[in-house]
Each structure stands twice: as C-alpha cells, then as structure tokens.
Amino acid sequence: MSKIEYLHHDGARIGYRDDGVGRPIVLIHGTGGDGEANFAGLMPYLSDRRVIRPDYAGSGLTDDPTEVLSLDRLVDQVVAAVDHAGAGTFDLLGFSLGAAVVTRLAARHPCRVEQLVLVGGFVSSHDPRAQLQFRHWADLARRDPASLARLMLLTGFSHGFLSRIGDIDAVIDDMVAYSNWTGIARQAELDLRVDVSGDLAQVRAPTLVAGNRHDQMVDPEASRALAEGIKGAHLE
C-alpha cells in the first residue's frame with residue numbers, strides 16, 4: 001500500500017503517494033484523474049524506482065478551494081509536494097493536462113528535471129474542437145455528471161476495453177458517486193486556457209513525447225507539435 005503524505009501550501013492541502021526506493025520519478029495525472037486512477041497500472045513496472053504521485057487541485061487527495069485554476073498554481077503544487085518528499089532532482093511524466101503541467105515545470109525548473117515524458121499532451125487548446133470538448137465537459141460536470149461519465153467512457157476507452165466490462169452501469173454509478181465533479185469542472189475550464197507554446201523552447205531535459213494514435217480526446221497530431229517545439233525531443 002502506498003505511503004500517503006500531506007502538506008499545506010498557499011491555502012491548499014496537497015496530498016501525494018510515495019512508493020518504493022531508488023531514483024525518483026514523479027507522475028502527474030490528467031483532467032478528472034488522480035495519481036492512483038491514472039497510474040496504478042504502471043506501478044508493477046516501476047518497482048526499482050521511487051515513485052511520487054501528487055494530486056493537484058480538483059483531484060484525489062488534494063483539497064484546494066480555489067475556484068479559477070491556473071497552470072502555474074498546479075505547477076507550484078507539484079513542486080511543493082516533491083520538495084516535501086525531499087526529492088531534489090527527478091524524472092517527470094505528465095499525462096494529458098498533466099503533460100502541460102510538467103512542460104511548464106520543466107521550463108521553470110530546468111535544473112531539477114533529469115528526463116521528461118509527455119503522454120497524450122497538447123500545446124494549446126485554442127482549436128475549435130478542443131474548445132467545444134472542454135466547454136462541454138465543464139458544463140456537464142456541473143449539471144449532469146452521469147452524462148459526462150458516459151461521455152468519458154465512450155471517448156476515453158477503446159471498443160474492445162468497454163466490451164469487456166460486465167456491468168457498465170455500475171461503473172458509471174461509481175464514477176458519479178466517487179468523482180470530484182466540481183474539481184473536474186474547474187480542471188476542464190483550465191483546459192480551455194492551456195497554452196505552453198512559450199515554454200517549449202525553455203525545456204532542457206531529454207524528452208520523450210508519446211502520442212496516442214487512437215486518442216478521441218486529444219488530437220494525436222498535438223503530440224507531434226509538442227515534440228517539434230522541444231529541442232531534441234523524441235516522438236513515439
């Protein structure tokens with residue numbers, strides 16, 4: 001079982017999971033996720049590493065009443081958690097919105113990030129489809145969480161994966177009951193404003209960009225744009 005730690009920082013109570021020993025790797029979740037939901041499946045493959053999984057505002061272990069979130073606020077929360085854990089330098093991975101968080105973190109703190117991995121990320125959300133999607137998420141999160149749960153299942157998972165779920169209504173009921181929908185709405189509203197185009201040239205860490213070929217939430221071409229903007233980045 002993960003060791004769970006808490007700290008107070010700038011009006012928020014930040015929680016993170018801390019597992020294992022070895023060279024630290026910090027994993028940052030995406031919109032509507034948290035360190036456990038997004039990364040539990042990776043843990044058996046990281047048994048030789050110290051794995052730190054902070055939850056940022058709106059998710060999981062972290063309680064932050066801030067209504068309008070900013071990318072810089074989430075970066076500061078991640079850094080505060082890593083500082084609390086006593087990790088000076090570390091490898092860093094971010095998924096989806098988390099990819100934007102870690103891109104800015106790597107740009108702001110180049111001496112601390114040894115290697116960077118961006119999974120299913122995007123440079124900005126200025127295109128019409130992204131704006132439509134994130135506005136829809138924020139609206140449904142505030143007034144119809146069950147519909148957003150269904151939409152996230154339909155667009156976030158493959159046909160094959162969903163077909164293996166025996167009782168999908170039970171899964172939806174659990175999502176509705178146990179998700180932080182106000183937090184998801186605030187994160188989706190932040191998604192609408194994401195733009196890390198000015199950060200890419202400041203990233204110094206060796207970077208792997210992993211695009212999701214069948215992603216229905218984030219255009220796979222967004223990963224190509226990320227890789228092209230970071231000097232020496234490798235795209236898979």
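Keep in mind the model is a prediction, meaning the values are calculated, not measured.
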Is any side-chain heavy atom of Y16 closer than 4.5 Å to a side-chain heavy atom of V26? no

Are L93 and V102 side-chain neighbours, meaning at least one heavy-atom pair lies under 4.5 Å? no

Looking at Q133 and M217, would you say the former's side chain and the latter's main chain have a donor-acceptor pair under 3.5 Å? yes

Return the minimal non-hydrogen interatomic distance between G160 and R164, and the atom names on each side. O-NH1, 3.2 Å

Are D34 and L61 side-chain neighbours, meaning at least one heavy-atom pair lies under 4.5 Å? no

Hey, are the side chains of E189 and V68 touching, using non-hydrogen atoms and a 4.5 Å cut-off? no

For the pair D191 (side chain) and L97 (backbone), establish whether a donor and an acceptor sit closer than 3.5 Å, ignoring hydrogens and angles. no

Contact between N212 and V119 at the side-chain level, heavy atoms closer than 4.5 Å - yes or no? yes

Would V123 and L105 show up in the same hydrophobic cluster when neighbours are defined by side-chain heavy atoms closer than 4.5 Å? yes

R53 and S2: side chain to side chain contact (heavy atoms under 4.5 Å, CB included), yes or no, with the steps? CA-CA 10 Å; R53 293 178 285 165; S2 300; 2.9 Å; yes

Q77 side chain to A57 backbone, donor-acceptor under 3.5 Å: yes

Polar side-chain atom of R17 near backbone of V51 as donor-acceptor pair, under 3.5 Å: no

Euclidean distance, I168 CD1 relative to S163 OG, rounded to 0.5 Å: 9.5 Å

Do L153 and F95 belong together in a cluster built from hydrophobic side chains that touch within less than 4.5 Å? no

I'd like to know whether M152 forms a side chain to side chain contact (heavy atoms under 4.5 Å, CB included) with I184, so could you lay out the CA-CA distance, the side-chain angles of the two residues, the decisive distance to 0.1 Å, and finally the verdict. CA-CA 12 Å; M152 285 182 158; I184 291 171; 4.3 Å; yes

As an exercise, state the distance from CG of L208 to CG of L118, rounded to the nearest 0.5 Å. 8.0 Å

Minimal heavy-atom distance between A85 and I52, with the atoms involved, is CB-CD1, 3.9 Å

Do any N or O atoms from the side chain of D55 and from the backbone of G15 form a donor-acceptor pair under 3.5 angstrom? no

Is the side chain of Q115 donor-acceptor paired with the backbone N or O of A205 at a distance under 3.5 Å, no angle test? no

Which atoms form the tightest heavy-atom contact between T89 and E114, and what is the distance? OG1-OE2, 2.7 Å

Heavy-atom side-chain proximity of L46 to L27 below 4.5 angstrom: yes

Where do D76 and R108 come nearest, in terms of heavy atoms and distance? OD1-NH2, 2.7 Å

Between R204 and P110 the two heavy atoms that sit nearest each other are CG-CB, 4.1 Å

Are I28 and M43 connected into the same hydrophobic cluster when the rule is that any two of I, L, V, M, F, W, Y join if their side-chain heavy atoms are below 4.5 Å apart? no

Could you walk me through whether E221 and R224 satisfy the salt bridge (Lys or Arg N to Asp or Glu O under 4.0 Å) test, starting with their C-alpha distance in whole Å, then the side-chain angles of each, then the deciding distance to 0.1 Å, before giving a yes or no? CA-CA 5 Å; E221 283 300 307; R224 189 176 305 280; 3.2 Å; yes

So which heavy atom on D199 is nearest to which on A107, and how close? O-CB, 3.6 Å

Working to the nearest 0.5 angstrom, can you tell me the gap between F134 CZ and T31 OG1? 6.0 Å

Keeping the roles fixed (side chain from R186, backbone from T66), state whether a donor-acceptor pair exists under 3.5 Å. yes

Any luck finding a side-chain donor-acceptor pair between T62 and D64 under 3.5 Å? no

Between the side chain of R104 and the main-chain N/O of D195, is any donor-acceptor distance below 3.5 Å? yes

For the side chain of R112 and the backbone of F90, is there at least one donor-acceptor N/O pair under 3.5 Å apart? no

Does R73 reach the side chain of D10, with side-chain heavy atoms less than 4.5 Å apart? yes

Residue pair Q131 / L192, side-chain heavy-atom distance below 4.5 Å: yes

Do Q187 and S59 pair up side chain to side chain, a donor and an acceptor below 3.5 Å, judged on atom types alone? yes

I need the L154 CG to L162 CG distance, nearest 0.5 Å. 6.5 Å

According to a 4.5 Å side-chain heavy-atom criterion applied to Ile, Leu, Val, Met, Phe, Trp and Tyr, with indirect links allowed, do F39 and V218 form part of one hydrophobic cluster? no

Would you please classify the geometry between the F161 ring and the F157 ring as parallel, tilted or perpendicular, with 30° and 60° separating the classes? parallel

Would you say the ring centroid of H29 lies under 6.0 angstrom from that of Y56? yes

Calculate, to the nearest 0.5 Å, the distance between atoms CG and CH2 belonging to L132 and W137 respectively. 11.5 Å

Distance from L148 atom CG to R143 atom CZ, nearest 0.5 Å? 10.5 Å

Can you tell me if R23 uses its side chain to pair, donor with acceptor, with the backbone of R49 under 3.5 Å? no

Under a single-linkage definition using a 4.5 Å side-chain heavy-atom cutoff for Ile, Leu, Val, Met, Phe, Trp and Tyr, are V113 and V117 assigned to the same hydrophobic cluster? no

